[in-house]
Colleague: 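Before I ask anything, let me first share the structure, which is written out below as structure tokens.
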Protein chains: 2
Amino acid sequence: MTSTPTLTKNQDLVLGVLKRSDAPLSAYVILDKLRDNGFRAPLQVYRALDKLLEKGLIHRLESLNAFVACAHSGESCCSHGTVAFAICNACGHVMEFHDHTVDHRLADWTKARGFKPEKTTIEIRGLCASCAA
Amino acid sequence: MTSTPTLTKNQDLVLGVLKRSDAPLSAYVILDKLRDNGFRAPLQVYRALDKLLEKGLIHRLESLNAFVACAHSGESCCSHGTVAFAICNACGHVMEFHDHTVDHRLADWTKARGFKPEKTTIEIRGLCASCAA
DNA sequence: TACAATTATGTAATGTTATTACATATGTTG
DNA sequence: CAACATATGTAATAACATTACATAATTGTA
């Protein structure tokens, strides 16, 4: 058995590449890694990425224009809150976390103003412990 | 007197365009708006944007690849904390705010892990009160 | 099974965002 | 003024993403 059922061939290939990477990958890097699997055009990657995002199996890092596999696939914590990322500018490593207090504070702010949130991005760029040392 | 002293001609022109806009603008839209002022190439815009970002007079919206004038220029609140944005997907309007509790929670998280933050992005995409109604 | 509808895929072309490289000008300081 | 740093002009190219159109595979159902 491969990664996860209910995925199409291309989705499974793209997810596999992301899972094996220890840093975020751009769509074009993914494309290059899948040339040998028959990928020829960006759209093949972007379509798979869209579906994987829908299914919550990957995340898009807006400040990087790149993608990572979800670190908590299957766990319940992912399902009820905004995911935050700490991204090392030196080694590229990404830590995924979430914080209920942050969620609540942002929810309070939006609720007070009648703003209806759809998707929230929280990304901390900086240096991880190893690289800052 | 124009916008703000200590700005070069191009920086002042770009900042002016952003201040007059009620929605974020991409670098290329700014370029088009400044053709009559002698702008010919993207780099003229990007260089001005870089300097304005350094000076804290504008913000870059990562989820939009676009730029807005800082809503709190000159106020002290801006200087000690991460700025957050609520961005309406319908009308494009952006609300800028900041929240000390959120800042503290994120600082606690990074401190506990030895992560040294350099720049934090918080962007809430959704529908503003008017558009959600 | 056969059919229709939906979903996934392949390919090319194009659109949008951002940077590199190189030349020239302007401003500041000793 | 000379040396240095900063700002600007221009062209080319790189990186990221979408539109348009054609074909194949899958799914639901009569």
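The analysis underlying the following values was restricted to heavy atoms, covering all of them including side chains, and did not include hydrogens, waters or symmetry mates. Quick note on labels: first sequence line is chain A, next is B, and so on, each numbered from 1.
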Colleague: How bent is the helix from C:dT1-D:dA30 to C:dG30-D:dC1, measuring the angle between the end axes built from five pairs each, rounded to 10°?
Modeller: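 The end-segment axes of the helix from C:dT1-D:dA30 to C:dG30-D:dC1 are tilted 30° relative to each other.
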Colleague: For residues 124-133 of chain A, dump all side-chain donor-acceptor pairs below 3.5 Å to protein atoms at least two apart in sequence or in another chain.
Modeller:
residue	atom	partner	partner atom	Å
A:Arg125	NE	A:Asn89	OD1	2.8
A:Arg125	NH1	A:Ser63	O	3.1
A:Arg125	NH1	A:Ser63	OG	3.2
A:Arg125	NH2	A:Asn89	OD1	3.0

Colleague: Output the rounded distance in Å from CG (A:Leu7) to P (C:dA8).
Modeller: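 About 10 Å, once rounded to whole Å.
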Colleague: Please, which pairs that meet salt bridge (Lys or Arg N to Asp or Glu O under 4.0 Å) have at least one residue in residues 107-117 of chain B, sequence neighbours excluded?
Modeller: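 As it turns out, there is no salt bridge (Lys or Arg N to Asp or Glu O under 4.0 Å) pair with a partner in residues 107-117 of chain B once direct neighbours are skipped.
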Colleague: Measure across A:Val94 and A:Pro24 and return the closest heavy-atom pair with its distance rounded to 0.1 Å.
Modeller: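 Closest pair (atom of A:Val94, atom of A:Pro24, distance): CG2-CG, 3.4 Å.
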Colleague: Roughly, in whole Å, what's the span from CD in A:Glu54 to P in C:dT7?
Modeller: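 These atoms are roughly 10 Å apart.
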Colleague: Find the distance A:Asn65:CG to C:dA18:C1' and express it as a whole number of Å.
Modeller: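 Taking atom C1' of C:dA18 as the reference, CG of A:Asn65 is at 10 Å.
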Colleague: Suppose we screen for side chain to side chain donor-acceptor pair (under 3.5 Å). Which residues come up paired with A:Thr8, at least two apart in sequence or across chains?
Modeller: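 Only A:Gln11 meet the side chain to side chain donor-acceptor pair (under 3.5 Å) criterion with A:Thr8.
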Colleague: Using the ring pair (Phe, Tyr, Trp, His ring centres under 6.0 Å) rule, collect all pairs that involve residues 101-125 of chain A, keeping only residues at least two apart or in two chains.
Modeller: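 Sorted pair list: A:Trp109-B:Phe97.
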Colleague: With sequence neighbours left out, which residue pairs that include part of residues 60-71 of chain A fulfil the salt bridge (Lys or Arg N to Asp or Glu O under 4.0 Å) condition?
Modeller: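 Qualifying pairs: A:Arg60-A:Glu62.
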Colleague: Under a 4.0 Å heavy-atom cut-off, which of residues 32-45 of chain B touch DNA chain C?
Modeller: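 Residues of residues 32-45 of chain B under 4.0 Å from DNA chain C: B:Leu43.
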Colleague: Pair up each side-chain donor or acceptor in residues 38-53 of chain B with any protein partner under 3.5 Å, not counting sequence neighbours, and list the distances.
Modeller:
residue	atom	partner	partner atom	Å
B:Gln44	OE1	B:Arg40	N	2.6
B:Gln44	OE1	B:Ala41	N	2.9

Colleague: Would you mind reading off the distance between B:Leu53 atom CG and C:dA18 atom P, rounded to a whole angstrom?
Modeller: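 Rounded to the whole Å, the gap is 11 Å.
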Colleague: Identify, with sequence neighbours excluded, every residue that meets ring pair (Phe, Tyr, Trp, His ring centres under 6.0 Å) alongside A:Phe67.
Modeller: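 For A:Phe67, no residue satisfies ring pair (Phe, Tyr, Trp, His ring centres under 6.0 Å) once neighbours in sequence are set aside.
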Colleague: Using a cut-off of less than 4.0 Å, is there contact between a side-chain N or O of B:Tyr28 and OP1 or OP2 of C:dT16?
Modeller: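 Result: no.
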Colleague: Check the phosphate of C:dT16 against B:Ser26, side-chain N and O only, distance under 4.0 Å to OP1 or OP2. Yes or no?
Modeller: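 Result: no.
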Colleague: Return the set of residues passing salt bridge (charged side-chain N to carboxylate O under 4.0 Å, His left out) with A:Glu123 (not counting sequence neighbours), or none when no residue passes.
Modeller: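 A:Glu123 satisfies salt bridge (charged side-chain N to carboxylate O under 4.0 Å, His left out) with no residue once adjacent residues are dropped.
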Colleague: Given that A:Arg60 and B:Asn10 both sit by DNA chain D, which one's nearest nucleotide is further toward the 5' end?
Modeller: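 Comparing both residues, the 5'-ward one is B:Asn10.
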Colleague: Quick one: A:Lys55 NZ to C:dT7 C1', roughly how many Å, whole number?
Modeller: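 Distance check: A:Lys55 NZ to C:dT7 C1' gives 11 Å.
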Colleague: Without decimals, in angstroms, what is the distance between A:Lys9 NZ and C:dT7 C1'?
Modeller: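 In whole Å, C:dT7 C1' lies 16 Å from A:Lys9 NZ.
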Colleague: Round to a whole Å and report the spacing from CG of B:Leu49 to P of C:dT19.
Modeller: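 Going from B:Leu49 (CG) to C:dT19 (P), I get 11 Å.
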Colleague: Does any part of the side chain of A:Thr82, heavy atoms only, come nearer than 4.5 Å to the side chain of A:Val102, both counted from C-beta?
Modeller: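 They are not in contact (no side-chain heavy atoms under 4.5 Å apart), so the answer is no.
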Colleague: State which residues pass salt bridge (charged side-chain N to carboxylate O under 4.0 Å, His left out) with B:Arg35; sequence neighbours excluded, sorted by chain then number.
Modeller: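 Listed in chain order: B:Asp32.
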Colleague: Of all nucleotides in DNA chain D with an atom under 4.0 Å from a non-hydrogen atom of chain A, which is the first and which the last going 5' to 3'?
Modeller: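 The contacted stretch runs from D:dC16 to D:dA20.
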